[in-house]
Amino acid sequence: MSLLEKLGQDPQRSMQRFLSGLGLFIIGVCFIFLGYYQHYLWQMLGIVILACGCLLAIYGYVGLFANRLSQIINRTTP
């Protein structure tokens, strides 16, 4: 099994990862805004959550992209 097929083998799980990462990203942004008006430690927590959300969303998006790309490659290959 190629790396492309392995990454894209479960598109529903990849979509779930992407949406979870997006949710974490939004929560991180909220903490950053909270830290702007409150204590700066809220901003530090927001940056950590934002980074984790970005990584999770990227991992989910790579899985979705790999699934689509493998479908295109398999469709055009006789």
Item to check | Joint hydrophobic cluster, Leu50 plus Phe33, side-chain heavy atoms closer than 4.5 Å | outcome: yes
Next on the checklist: Hydrophobic clusters here meaning ILVMFWY residues chained together by side-chain heavy-atom distances under 4.5 Å, can you tell me if Ile73 and Phe65 are in one?
Outcome noted: yes
Next on the checklist: Let me check something: do Ile58 and Leu7 share a hydrophobic cluster, defined by ILVMFWY side-chain heavy atoms less than 4.5 Å apart, either directly or through other members?
Outcome noted: yes
Checklist entry - Considering all heavy atoms of both residues, which atom of Gly46 and which atom of Phe31 are nearest to each other, and what is their separation? => result CA-CB, 3.5 Å
Checklist entry - Which atom names give the shortest non-hydrogen contact between Gly8 and Asn67, and what distance separates them? => result O-ND2, 2.7 Å
Next on the checklist: Quick check: closest heavy atoms across Gly63 and Ser14, and the distance to 0.1 Å?
Outcome noted: CA-OG, 3.5 Å
Next on the checklist: Quick check on the hydrophobic clustering: are Leu56 and Ile32 connected, directly or via other members, by side-chain heavy-atom contacts under 4.5 Å?
Outcome noted: no
Checklist entry - Shared ILVMFWY cluster between Leu34 and Leu45, side chains joined below 4.5 angstrom? => result yes
Checklist outcome for this item: Distance col, row Asp10:CG vs Arg17:CZ, nearest 0.5 angstrom, shows 7.5 Å
Item to check | Gln71, CD atom: more than 12 neighbouring heavy atoms under 6.0 Å | outcome: yes
Checklist entry - Say you draw a straight line from CZ of Phe25 to CD1 of Ile49; how long is it, rounded to the nearest 0.5 Å? => result 12.5 Å
Checklist outcome for this item: Here the gap from Asn74 atom CG to Leu69 atom CG, rounded to the nearest 0.5 Å, amounts to 9.5 Å
Next on the checklist: If I compare all heavy atoms of Ala57 with all of Leu22, which pair ends up nearest, and what's the gap?
Outcome noted: CB-N, 4.2 Å
